[in-house]
Amino acid sequence: MKGGCLSPHPARPLPDHMKLVWRTPCQAERLRVIAWSCDCGAVVYELCHAGGQAFVRRTHHFNGARMVHETYRWPIRKGDDVWKALLCGQAR
């Protein structure tokens, strides 16, 4: 974590990182945000759980607007592993 930030900053992607597929979010649904990256930058990542599955949500903030994308969904354990890989620079 940097300076006074409380949430983690994802590491820079490694040269051989896993490339995640980012897609338009599903329709409104009940979900729980389990973990999130620091919001001091232009991009924020969130680990979300919904319906017994996990996915990562990415929000870009620019010029007062925001663009949201989500990964495919996985079983909870696999989603948690992808989240850890994202934070370590092994996925993006």
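In what follows, residues are counted from 1 in the order of the sequence shown. Note that the structure is a prediction, hence the values are computed from the model and not measured.
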Greater than 12 external heavy atoms within 6.0 Å of R66's CZ: no
Hey, any chance I34 and V56 share a hydrophobic cluster, counting ILVMFWY side chains that come within less than 4.5 Å of each other, even indirectly? yes
What pair of heavy atoms forms the shortest contact from C38 to C5, and how long is it? SG-SG, 3.4 Å
Heavy-atom pair of closest approach, residues G89 and H17: O-CB, 3.5 Å
Interatomic distance, CE@M67 vs CH2@W22, rounded to 0.5 Å, equals 13.0 Å
Can you name the closest pair of heavy atoms from F55 and Y72 and give their distance? CB-O, 3.5 Å
Do V82 and L20 come close enough that some side-chain heavy atom pair is under 4.5 Å? yes
Taking atom CD of Q53 and atom NZ of K78, what is their separation to the nearest 0.5 Å? 13.5 Å
Heavy atoms of other groups near W74 CH2, more than 12 under 6.0 Å: yes
In the single-linkage hydrophobic clustering (I, L, V, M, F, W, Y; side-chain heavy atoms under 4.5 Å), do L14 and L87 co-cluster? no
So do the side chains of L47 and W36 get within less than 4.5 Å of each other, counting heavy atoms only? no
Which heavy atom of R58 sits nearest a heavy atom of V43, and at what distance? CG-CG1, 3.7 Å
Quick one: pull up CZ in R73 and OG1 in T71 and give me the separation to the nearest 0.5 Å. 8.0 Å
Between R92 and L86 (side chain of the first, backbone of the second, donor and acceptor by atom type, cut-off under 3.5 Å), is there such a pair? yes
Nearest heavy atoms of V33 and C48, plus distance in Å: CG2-SG, 4.2 Å
Test your reading of the model: is there a side-chain donor-acceptor pair from S37 to the backbone of P10, 3.5 Å cut-off? no
Could you tell me whether the side chain of D39 reaches within less than 4.5 Å of the side chain of H61, counting heavy atoms only? no
Contact between L31 and R57 at the side-chain level, heavy atoms closer than 4.5 Å - yes or no? yes
